[in-house]
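Worksheet for the structure shown next.
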Amino acid sequence: MRIGVFVCHCGSNIKATIDAEYIAAQVQQDAKVVHAAEYPYLCAEGGQQKIINAVREYQLTGVVICACSPRMHENTFRKTAAKAGLNPYQIEIANIREQCSWVHKNKDAATGKALKLAKAAIARVKLALPLFAGESAVTKRALVIGGGIAGIQTALDIAEAGFAVDLVESTPSIGGKMAQLDKTFPTLDCAACILTPKMVDAAAHEKITLHTYSEVEEVEGFVGNFTATIRKKARSVDMKKCTGCGACWEKCPSKRIPSEFDCGLANRTAIYTPFAQAVPNVPVIDRATCIKFKNGRCGLCADVCQPAAIDFTQEDAVFTQEYGVIIAATGYQVFSLDAYGEYAYHDSKNVITSLELERLMNAAGPTGGKLQRPSDGKAPKKITFIQCVGSRDITRGKPYCSKICCMYTAKHAIAIKEKYPEAEIEIFYIDVRTPGKGFDEFYRRAVEVYGVRYIKGQVGKIAEMNGILHMQAVDLLENKRFDTTADMVVLAAAIEPSPGAKPLAQMLATPMDTLRFFSEAHPKLRPVESATAGIFLSGVCHGPKDIPETVAQASAAACKAIGVLAKDKLITNPCVAKVNDKKCTGCGRCIDVCPYKAISLESNAAEANPALCQGCGGCASLCPSNAMDLNGFTHKQVLAEVDALCR
Amino acid sequence: MWKTMIERCMQCGRCSAACPVAPFMDMPPHKWVYYARNGEGERVQNAGAIWQCLSCFCCEARCPRGVKPAQLAEEKRALSNKVVLLESLSEHVIENMPQQLLVAALRKAR
Amino acid sequence: MSVKIVAFCCNWCSYAGADLAGTSRLNYPAQVKIIRVPCSCRVDVQFILRAFVRGADGVIVCGCHLGDCHYSTGNYHAEGRLTQLFSLLDFMGFERERVHLEWISAAEGAKFAATMDAFVTQVSALGKNERYRNMYTKAGAQNE
Amino acid sequence: MNEQEKMRTRAKELHAAGIIKQVLAWEAGAFPSYPAPAFFTKPNAFEKIVYNEFCTANLSKYVINITEKTLIFLRPCDAHSFAQLVKENQVKRENTYVIAVGCEGCVQVDEGEARDLLESCRTCTKTDYPLFDEEINTQNNPRESTNKAARFAEVTRLDSEENTARYAFWQAHFSQCIRCNACRNICPTCHCKECVMDSDHPLDGQFYHAIRALHQDGRCTDCGQCSRVCPRGIPVHLLNRKLIYTSNK
Amino acid sequence: MQSPVYTCSLDNVTQLINRIAEKMPVYGDFGSSKTTLSPKGFFLPALEKLYETAKINDSYKITPAPPENAPFVLLGIRACDAAAIEILDGVYLNDPIDPQYKARRHASYIVTFACETMGANCFCQSVNINPAAPKGDVKAWVKNGTFFWLAQSEKGERLTELLLDLLERTIPAGNDLLPVEPPDSAPALPLPADMLSAFNAPVWDNLHRACIACGTCTFLCPTCQCYDISSHECTENSEKTHCTRQWDACLYPGFTQMAHGNPRPSKKERFRQRFMHKLVYHMQKYGTSACVGCGRCVNKCPVNMNIVKVAHVLAQEEVNAYV
């Protein structure tokens with residue numbers, strides 16, 4: 001073991017309060033230190049060259065650099081060591097600037113401490129083993145889970161970069177919530193005009209494979225080497241033969257099934273496509289309500305189908321596939337309003353949620369775009385909107401602001417006023433939050449141009465009496481309680497993660513916050529990646545956001561995923577846990593402590609997967625027999641450092 | 001004294017909207033919390049509204065932030081030395097006073 | 001003889017906090033010597049006990065605030081393990097004030113310096129760590 | 001105590017039926033009140049099986065990494081240790097055939113005479129058997145909740161005292177410690193192949209007791225063997241009980 | 001010339017002890033039974049400092065620890081411990097002589113005391129030691145109310161001279177000189193028929209499993225005499241080191257740990273070595289087994305393993321599970 005010690009002056013930052021010569025002299029008393037020198041600027045070109053020459057001249061096997069914090073130049077000096085032919089992990093840095101010269105004025109105390117820190121670093125480098133970054137292969141294929149605008153956008157971007165993508169959607173067609181919308185803010189252009197071209201591109205793109213009416217059942221592996229098991233639920237229709245002519249759902253006798261796509265405002269048949277522009281435009285037989293599956297009679301759809309695409313015997317198809325990266329795009333659902341009896345949502349048909357209003361306003365919707373009261377079909381003259389129903393509520397609802405309601409309520413108000421100028425619209429709000437680009441101007445147009453009445457206050461109670469909705473409300477600016485009536489009430493309900501998110505997060509072992517949104521690795525440093533390497537977040541599954549932000553984040557997630565797929569080999573961090581299987585008794589206590597589930601029991605001894613392990617060391621310090629150790633921070637090294645500092 | 005959580009209030013007004021007696025009050029419930037929070041407790045204490053409060057707790061049930069206006073009213077009533085004398089209520093009033101109001105009033109009467 | 005303090009600082013938060021105390025030229029006693037660990041959950045009970053037996057008079061472990069850990073749950077494990085250690089040390093009669101666990105973020109340079117100041121004064125009040133060395137020797141016996 | 005007869009007959013029957021290859025139980029020693037744990041392979045030796053209040057050793061640790069199918073008799077404290085070992089993959093459940101036996105508590109033996117009930121039996125709160133294949137009069141485990149208070153009485157008493165008083169208490173005990181490691185070698189959950197105190201800290205015996213207790217944090221089944229076997233009578237089980245006490249809180 | 005037997009009444013025995021205590025430190029008393037710890041600690045302390053080294057600029061100065069030769073008296077030593085001390089003398093006072101042991105041993109006066117009853121797990125008679133006739137510098141015993149004192153060595157006489165004014169020469173009527181003989185309760189400890197073949201006896205495989213290798217028996221055994229020498233750095237300043245000798249046990253894994261490994265890798269070999277040394281090897285070299293039948297190991301063994309059972313099993317007398 002031949003160690004070289006280099007003490008930096010850092011100009012005057014260190015030299016001012018630490019006697020560098022004294023340290024260089026003192027460390028030579030250690031028999032293993034064969035060379036010690038000091039230099040004004042070690043991080044500069046000249047300084048690094050001095051180190052490289054010394055390594056070659058004295059055949060050094062370990063280098064200690066007493067200078068600034070390792071968080072500053074650890075990588076620089078590792079590259080210097082590599083240039084000199086030394087293993088980059090056989091250098092140690094003693095932080096004698098930020099943690100010594102800058103924080104202790106007294107020269108003797110600072111020099112004494114610096115010498116101790118140098119000796120500690122020497123003790124560490126004596127035990128530093130050469131470490132080699134591991135490599136793991138990358139499967140050049142991505143898996144996007146969730147076929148809404150987020151999933152579609154991410155899939156398109158990754159495919160554009162030339163990588164194969166599997167897009168898995170649980171409902172029979174991609175499109176997600178956006179397909180249900182009528183218009184979008186702030187430009188009021190129609191949702192379908194933006195979405196359907198992207199859906200068709202996604203279906204047509206040779207790099208993208210669509211798996212609709214399918215679910216991911218199991219995911220194993222780690223970044224670059226995921227294996228997913230996907231179940232393609234039986235559609236009972238042969239996708240190759242079906243032309244989407246629609247003869248089957250015309251003839252299907254059971255027509256009274258509430259359509260999920262239309263939020264129950266209209267009905268669908270047992271064999272159905274969710275909406276007209278569905279992609280793929282192939283129907284699905286809902287086996288729970290189809291008479292053929294319930295008691296074996298009927299089968300009309302098979303009779304009328306020329307291409308004979310109907311196949312009642314079709315089974316679920318389960319297949320496994322390798323992936324390099326996985327992107328979660330599971331989107332959101334409307335928060336259930338069961339806890340809010342005061343709004344009479346379940347009692348009166350004329351109290352609806354905003355999503356239901358989208359369907360009523362949509363030309364392809366149940367009323368063909370005519371705004372009608374669901375109870376009697378008349379056109380409502382007076383409509384009241386109530387904001388923050390379920391949002392910003394820590395007792396019965398969600399503590400967060402759902403972010404998109406103020407904008408879509410303003411959009412509804414404008415859209416209604418455009419079609420029915422004489423309609424009277426009141427909106428009860430706590431604060432109108434319109435922070436996006438062109439958003440506030442849009443909201444002011446609703447107030448100033450279309451004369452929508454915004455009331456700062458709340459509705460306490462709604463009761464429907466002979467067709468009229470009576471409301472108890474308060475106006476905070478008037479500071480008085482008053483009663484009012486309306487033909488229809490629209491509740492801006494909160495949004496929450498879709499039910500599929502929680503099981504998916506458990507499958508991917510990615511952290512989730514208490515509200516079941518995926519947690520990002522770091523809000524500012526890594527906003528679209530999850531803490532688990534190789535898993536990326538796209539769209540509302542990470543948190544409430546509107547369509548412009550969703551698309552932006554979807555592309556960001558795609559770009560990060562492409563960053564991984566573009567590499568042939570993934571360099572794994574060498575400072576990972578490693579097991580001495582002669583000492584390991586296989587008790588398995590380390591397995592549960594690992595946040596990355598990197599440890600598994602192989603033939604009665606633990607094993608840490610270097611690609612998954614991030615090197616936190618929780619397992620190493622839990623292991624009673626010191627069998628589990630952490631490269632770079634081994635038990636022996638830290639103990640040697642403790643001894644050196646305490647002597 | 002009582003845990004009224006008034007610091008959590010975001011002045012959304014749902015308590016006043018929900019309060020059955022609010023139209024007849026000189027100061028609606030959301031104002032009690034507003035003044036209490038700004039340190040003007042006496043204004044609430046001297047307001048007639050706290051005596052009109054039926055203690056039906058609709059405000060607390062509907063508050064999205066878990067604030068307790070009814071308990072704030074209870075606290076103010078306890079602080080004030082006003083007393084509702086039972087005999088001052090006429091026979092007629094007692095007969096057709098809503099049962100809930102009678103119970104609430106009696107509970108406050110000392 | 002002044003007291004010796006060993007501080008285990010987690011690389012992502014408290015070590016960065018210590019560096020920030022440096023860049024802001026704050027001051028804290030020189031007896032504090034910092035050992036960098038990837039996460040507060042890397043601090044093994046044997047490191048702390050070894051430090052005491054080898055002559056340290058105080059050991060402080062710093063980590064990220066709960067919820068901010070770079071490894072998501074590291075500091076929760078550290079807190080669980082160290083609370084058990086501290087309660088056992090107190091039970092065995094060692095001064096509980098010689099050990100301390102503090103959450104310091106990368107932005108809290110001032111808090112780092114203040115925590116070190118307070119800890120050094122607290123340990124200096126207790127003086128040298130005789131109890132650790134004499135635990136196994138009869139008070140009078142001299143066979144060390 | 002007729003468990004002994006039933007144990008012997010069951011052992012013979014199971015061996016004859018080829019279900020088990022060997023039996024682990026207590027065997028009468030050369031001196032009457034000193035029965036020792038022993039493995040019995042020959043049926044004719046099953047007569048030597050003995051079960052009385054002097055059988056103080058906890059048998060669960062002897063089955064670690066056992067290869068042949070073994071019949072083992074477990075009392076409530078042994079059964080909990082055995083369950084912990086199964087949980088930590090130290091013994092394959094299918095290699096063992098477990099018979100739960102009733103227990104009225106064991107006695108400390110000194111100079112041939114029986115002294116009072118073992119400390120761990122006096123404060124025993126275990127009357128259940130986590131896993132077993134058969135039972136022999138397990139109904140007569142008398143101890144009910146009466147011992148719950150006694151279990152942590154000593155811990156709370158020490159806690160209430162001054163820190164310096166506790167130090168004096170432990171110094172008086174630990175200065176007697178001869179580091180024979182009996183407490184480590186007898187403990188069922190202390191099954192490292194090589195103890196860190198020997199490999200990494202040969203010169204730092206001072207924190208041996210703290211490390212031993214902390215390594216059992218969350219695993220210790222409070223069977224009391226560590227204090228029973230200490231030749232110097234140091235109550236090391238109190239350290240483990242303190243950890244259980246704080247983690248329960 | 002055999003020195004005469006002295007007597008005194010029971011109540012002024014304490015006077016005797018105080019008189020001796022004025023001259024030199026006295027340890028032990030004429031208590032009811034043998035001590036829990038054996039007296040070997042007085043000659044071979046559990047931990048003693050052999051020498052210190054100090055680094056002076058670039059050379060080393062070694063200062064050996066001063067020999068402890070202050071005289072002291074051990075009272076109430078039983079026949080088994082007295083025999084044990086003789087066994088230790090056989091090892092430490094023959095070539096190569098151990099200076100520390102020799103200094104302490106020559107400074108010691110052993111006053112033994114005859115046993116009238118056998119302890120619960122004593123079996124000294126099985127190793128042909130007569131509990132009523134202990135060796136030692138002075139033999140003392142009590143017989144129907146009178147305390148007898150007989151010097152048996154030159155050191156014993158020197159000790160007796162100090163007490164002449166307290167002791168009488170007269171023998172009370174009807175008393176013969178011999179102490180009471182306890183009945184022969186335990187059968188002789190069998191020794192393996194063929195000494196060395198016991199090493200390969202198949203019984204060891206099963207016999208060793210109960211033992212937890214805690215070394216308590218070696219710690220308490222009056223004749224166990226193995227030690228380990230190691231040098232340590234003074235934690236205060238690293239310029240000084242000291243070399244210490246401390247008790248070791250053949251049962252510990254580190255006992256025969258060598259550079260290439262450990263010739264006794266598993267507990268079985270170490271367990272076998274303990275009893276082979278006691279019963280066979282010592283017998284071959286010194287003609288007597290190294291076990292004095294004091295029964296301390298039987299009493300304190302946590303898993304109730306003991307030398308009597310091992311001896312019987314080795315001698316194949318007892319056919320049981322192990323064979």
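Chain A is the first sequence line, chain B the second, and so forth, proteins listed ahead of strands; every chain is numbered from 1.
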Toward chain A, the part of [X] with a non-hydrogen atom under 4.5 Å:
| X | value |
| --- | --- |
| C:R81 | side chain |
| C:L26 | backbone |
| C:D57 | neither |
| C:V43 | backbone |
| C:A16 | both |

Can you tell me which of [options] forms the most heavy-atom pairs within a distance under 4.5 Å of chain C?
| options | value |
| --- | --- |
| A:R124, A:K105, A:E74 | A:E74 |
| A:N626, A:N13, A:L117 | A:N626 |
| A:E98, A:Q614, A:Q99 | A:Q99 |
| A:R71, A:R97, A:K116 | A:R71 |
| A:P70, A:C623, A:C68, A:S101 | A:P70 |

Which of C:V32, C:I5, C:V6, C:N11 touches chain A most, by non-hydrogen pairs under 4.5 Å: C:N11
Partner chain A: residue of C:V37, C:L20, C:I34 with the largest heavy-atom pair count (under 4.5 Å): C:I34
C:D117 versus C:P29, closest heavy-atom pair with distance: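 So the two residues come closest at OD1-CD, 3.0 Å.
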Whether C:Y28 and A:H104 hold their rings parallel, tilted or perpendicular, with breakpoints at 30° and 60°: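 Ring orientation of C:Y28 relative to A:H104: perpendicular.
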Mutual orientation of the aromatic rings belonging to C:W12 and C:Y71 [parallel < 30°, tilted 30-60°, perpendicular > 60°]: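 C:W12 vs C:Y71 ring planes: perpendicular.
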A:S69 versus C:D19, side-chain donor and acceptor atoms under 3.5 Å: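 A pair is found: one side chain offers a donor N or O, the other an acceptor, under 3.5 Å apart.
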Modelled atom types, side-chain donor and acceptor of C:R96 and C:S87, under 3.5 Å: no
Aromatic C:Y15 / basic C:R36 pairing, under 6.0 angstrom, 45° off normal: yes
Derivation and outcome, side-chain hydrogen bond (donor to acceptor under 3.5 Å, both in side chains), residues C:H100 and C:E102: CA-CA 7 Å; C:H100 187 56; C:E102 188 68 45; 2.7 Å; yes
Short side-chain to backbone donor-acceptor contact, C:T73 and A:P595, under 3.5 Å: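 Looks like no, no N/O pair under 3.5 Å.
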